[in-house]
K.L.:
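Below are the structure tokens for one structure; questions will follow.
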Amino acid sequence: MVVRQDSAVGEQGPEGGGEAAKTRKPRKAAPSAKPAKPAKVVKAAKAARPGKKATVVTEKATAAVPKASPAKTVAPKPPKGESRTALVRRARRINRELAEVYPYAHPELDFENPFQLLVATVLSAQTTDLRVNQTTPALFARYPTPEDLAAADPEDVEEILRPCGFFRAKTKSVMGLSKALTEEFGGEVPGRLEDLVKLPGVGRKTAFVVLGNAFGRPGITVDTHFQRLVRRWQWTEETDPEKIEAAVGALFPKSDWTMLSHHVIFHGRRICHARKPACGACPIAPLCPAYGEGETDPEKAKKLLKYEKGGFPGQRLKPPQAYLDAGGKPAPPLRVNG
């Protein structure tokens, strides 16, 4: 992985020295002058990779750069040379830029009520939102309420959910949470985090998706896209989802959390991909410490764009009107064999 960084100290080549002064007595020629060593130099030549010049780092410069280690607090560790204030400003500017690029950002799961969103989010694990959207219409048509799904025949549910992958485990989860909703919450999805995470198959990520998009309560959705991008942007070095949630949440007002999640996830799916980011087509390239990790040629980068950014359908069968007005295309329905 190649990450563009501004070096704290410049590379120093060999010091240029002229030939030794010739004397009139050839038998007692003065020895060649040796280059003077800088005072208090920490050797770094051994650390240099073959084919590259060694970088000489003074003790003074070394003292100013702490050893790399995972962040231990809620506050993320800024990139080298970036103050906490600068990090907050850069992070918020990235969010503003993404809001302009994706004014139609939204949850990419089709749903009409909190129950449908909860089930769809559980089903989205280890598969795409598109696949879930192509599968849930048949599920909700047959089992529209928690009571209906809790009393369903597991084999029938498994057959419907088969296209989503891990269909047996997912059947157990959605039937289990439907039973819990029926018995403990009167068939209604609770609007509190502490209640949602007690349901089978529901973690903090799923809970915040439901709270933010079905109840309007702010939350940060730390999925794989979100984790990848916030580390590329050096908002945090954490790898644990809950610690990432805390670190990124400290950079933004709580009211921004839900839409921030949509902006970041939209960008991760469309441009800043896991294997080959389209750096040359990225609108926030000047703000990204990881620029150059992916394709930087503009024309080649355009070919990497996905969904509506690449001129292709999105993931929802029934997307918001704002998405359609902005040129987005709805996803195709699930193909039926025959």
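Note: hydrogens, waters and symmetry copies are ignored here, and every other heavy atom, side chains too, is used. None of the values given here were measured: they were computed from a predicted structure.
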K.L.:
Can the ring centroids of Phe252 and Trp235 be said to lie less than 6.0 angstrom from one another?
P.N.:
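Ring centres of Trp235 and Phe252 closer than 6.0 Å.
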K.L.:
Answer yes if Leu181 and Leu123 sit in the same cluster of Ile, Leu, Val, Met, Phe, Trp and Tyr residues linked by side chain heavy atoms under 4.5 Å apart, and no otherwise.
P.N.:
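Both belong to a single hydrophobic cluster.
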K.L.:
Determine whether Ile244 and Gln227 make a side-chain contact, defined as any pair of heavy atoms from C-beta on separated by less than 4.5 Å.
P.N.:
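Touching, per the 4.5 Å side-chain cut-off.
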K.L.:
State, yes or no, whether a side-chain contact exists between Leu304 and Lys300 at a heavy-atom distance under 4.5 Å.
P.N.:
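In short, these two side chains do not touch, never coming nearer than 4.5 Å.
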K.L.:
Would you call Arg231 and Glu237 a salt bridge, using N to O less than 4.0 angstrom?
P.N.:
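Salt bridge flag = no for Glu237 with Arg231.
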K.L.:
Could you check whether Asp325 and Gln321, counting side-chain N and O atoms only, form a donor-acceptor pair closer than 3.5 Å?
P.N.:
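Gln321 vs Asp325: donor-acceptor pair found between side chains.
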K.L.:
Assess whether a salt bridge exists between Arg192 and Asp195, defined as any Lys/Arg side-chain N lying under 4.0 Å from an Asp/Glu carboxylate O.
P.N.:
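Here Arg192 pairs with Asp195 in a salt bridge, since their nearest N and O are under 4.0 Å apart.
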K.L.:
Answer yes or no: are there more than 12 heavy-atom neighbours, outside Arg93 itself, under 6.0 Å from its atom CZ?
P.N.:
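No - once you tally the heavy atoms of other residues, nucleotides and ligands closer than 6.0 Å, there are 12 at most.
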K.L.:
Looking at CG of Asp297 and NZ of Lys302, how far apart are the two atoms once the value is rounded to the nearest 0.5 Å?
P.N.:
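It is 10.0 Å, given to the nearest 0.5 Å.
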K.L.:
When you group the ILVMFWY residues by side-chain heavy-atom contacts below 4.5 Å and let the links chain together, are Leu117 and Val222 in the same group?
P.N.:
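Different clusters.
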K.L.:
Just verifying a value: how many Å separate Gln315 CD and Lys306 NZ, rounded to the nearest 0.5 Å?
P.N.:
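Reported to 0.5 Å precision, the distance equals 9.5 Å.
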K.L.:
Would a distance-only check, ignoring hydrogens and angles, find a side-chain to backbone donor-acceptor pair under 3.5 Å from Arg228 to Cys272?
P.N.:
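Here the side-chain-to-backbone pair exists.
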K.L.:
Let me confirm one number: the OG1-OH distance from Thr136 to Tyr143, rounded to the nearest 0.5 Å.
P.N.:
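These two atoms lie 14.5 Å from each other.
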K.L.:
Looking at Lys170, is its backbone amide N or carbonyl O close enough to the side chain of Ser173 to form a donor-acceptor pair, meaning the two atoms are under 3.5 Å apart?
P.N.:
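Answer holds: no.
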K.L.:
Taking side chain as C-beta onward, heavy atoms only, is Phe115 less than 4.5 Å from Glu188?
P.N.:
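In short, these two side chains do not touch, never coming nearer than 4.5 Å.
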K.L.:
Can we say Glu82 and Arg90 salt-bridge, meaning some charged N sits less than 4.0 Å from an Asp/Glu carboxylate O?
P.N.:
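A salt bridge is present here (some side-chain N lies under 4.0 Å from a carboxylate O).
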K.L.:
Within a radius of less than 6.0 Å around CD of Glu155, do more than 12 heavy atoms belonging to other residues, nucleotides or ligands occur?
P.N.:
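Incorrect, the count does not exceed 12.
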K.L.:
In the structure I gave you, are the side-chain heavy atoms of Val132 and Leu109 within less than 4.5 Å of one another anywhere?
P.N.:
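Counting from C-beta outward, Val132 and Leu109 do come under 4.5 Å.
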K.L.:
Quick check against the 3.5 Å criterion: does His267 have a side-chain atom that pairs as donor or acceptor with the backbone of His263?
P.N.:
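Flag not set: sc His267 to bb His263 has no pair under 3.5 Å.
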K.L.:
With a 4.5 Å cut-off on side-chain heavy atoms, are Leu317 and Pro330 touching?
P.N.:
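Counting from C-beta outward, Pro330 and Leu317 never come under 4.5 Å.
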K.L.:
Are Lys318 and Asp110 ion-paired here, with the side-chain N under 4.0 Å from a carboxylate O?
P.N.:
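Not counted as a salt bridge, because no side-chain N and carboxylate O are separated by less than 4.0 Å.
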K.L.:
I'd like to know if Ile220 and Val210 are part of one continuous hydrophobic network [Ile/Leu/Val/Met/Phe/Trp/Tyr, side-chain heavy atoms within less than 4.5 Å].
P.N.:
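Val210 does not cluster with Ile220.
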K.L.:
Charged N to carboxylate O below 4.0 Å: is that the case for Arg316 and Asp129?
P.N.:
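No, Arg316 and Asp129 are not salt-bridged.
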K.L.:
Would you say that Pro114 contacts Phe215 through its side chain, given a criterion of any heavy-atom pair below 4.5 Å between the two side chains?
P.N.:
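Yes; the side chains approach each other to less than 4.5 Å.
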K.L.:
Evaluate whether atom CZ of Phe185 has more than 12 neighbouring non-hydrogen atoms of other residues, nucleotides or ligands under 6.0 angstrom away.
P.N.:
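Enclosed: over 12 neighbouring heavy atoms sit under 6.0 Å from CZ of Phe185.
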K.L.:
With the threshold set at 4.0 Å, does a side-chain nitrogen-carboxylate oxygen contact exist between Asp156 and Arg142?
P.N.:
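Salt bridge present between Asp156 and Arg142.
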K.L.:
Which atom names give the shortest non-hydrogen contact between Trp257 and Gly249, and what distance separates them?
P.N.:
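Looking at all heavy atoms of both residues, the closest pair is NE1-O, 3.4 Å.
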K.L.:
Linking I/L/V/M/F/W/Y whenever their side-chain heavy atoms sit closer than 4.5 Å, directly or via other members, would Val119 and Leu130 fall into one cluster?
P.N.:
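Cluster IDs for Val119 and Leu130 differ.
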K.L.:
Inspect the surroundings of CZ in Phe166 and state if more than 12 heavy atoms from other residues, nucleotides or ligands are less than 6.0 Å away.
P.N.:
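Result for CZ/Phe166: open.
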K.L.:
One thing to verify: whether Glu108 and Arg270 come together as a salt bridge, which I'm taking to mean a side-chain N less than 4.0 angstrom from a carboxylate O.
P.N.:
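Result for this pair is yes, salt bridge flagged.
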K.L.:
Within the distance-only criterion (no hydrogens, no angle test), does the side chain of Lys329 pair as donor or acceptor with the backbone N or O of Gly311 below 3.5 angstrom?
P.N.:
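Looks like yes, one N/O pair under 3.5 Å.
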K.L.:
If you round to the nearest 0.5 Å, how far is OG of Ser83 from CZ of Arg89?
P.N.:
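Going from the CZ atom of Arg89 to the OG atom of Ser83 covers 7.5 Å.
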K.L.:
Side-chain heavy atoms under 4.5 angstrom apart, residues restricted to Ile, Leu, Val, Met, Phe, Trp, Tyr: same cluster for Ile94 and Met259?
P.N.:
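No, Ile94 does not connect to Met259 through the hydrophobic network.
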K.L.:
Taking the six-membered ring for Trp, are His106 and Phe266 closer than 6.0 Å centroid to centroid?
P.N.:
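His106 vs Phe266: aromatic centres under 6.0 Å.
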K.L.:
side-chain contact (heavy atoms from CB on, under 4.5 Å), that's the test. Do Val248 and Leu260 meet it? Break it down for me.
P.N.:
CA-CA 10 Å; Val248 176; Leu260 168 70; 3.9 Å; yes
K.L.:
Looking only at atom types and distance, does a side-chain atom of Thr171 sit under 3.5 Å from a main-chain N or O of Phe167, one as donor and one as acceptor?
P.N.:
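Yes; judged by distance alone, with no hydrogens or angles, the pair exists.
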K.L.:
Measuring from atom OG1 of Thr206 to atom CG of Asp223, what distance do you get when rounded to the nearest 0.5 angstrom?
P.N.:
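Going from OG1 on Thr206 over to CG on Asp223, the span is 10.5 Å.
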K.L.:
With a 4.5 Å cut-off on side-chain heavy atoms, are Leu118 and Leu199 touching?
P.N.:
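Yes. Closest side-chain heavy atoms under 4.5 Å.
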K.L.:
Taking atom types as modelled, find out whether Asn213 and His262 have a side-chain donor-acceptor pair closer than 3.5 angstrom.
P.N.:
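Note: Asn213 and His262 side chains meet the donor-acceptor criterion.
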K.L.:
With rounding to the nearest 0.5 angstrom, report the CD to CG distance, Gln116 to Leu139.
P.N.:
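The CD atom of Gln116 sits 9.0 Å away from the CG atom of Leu139.
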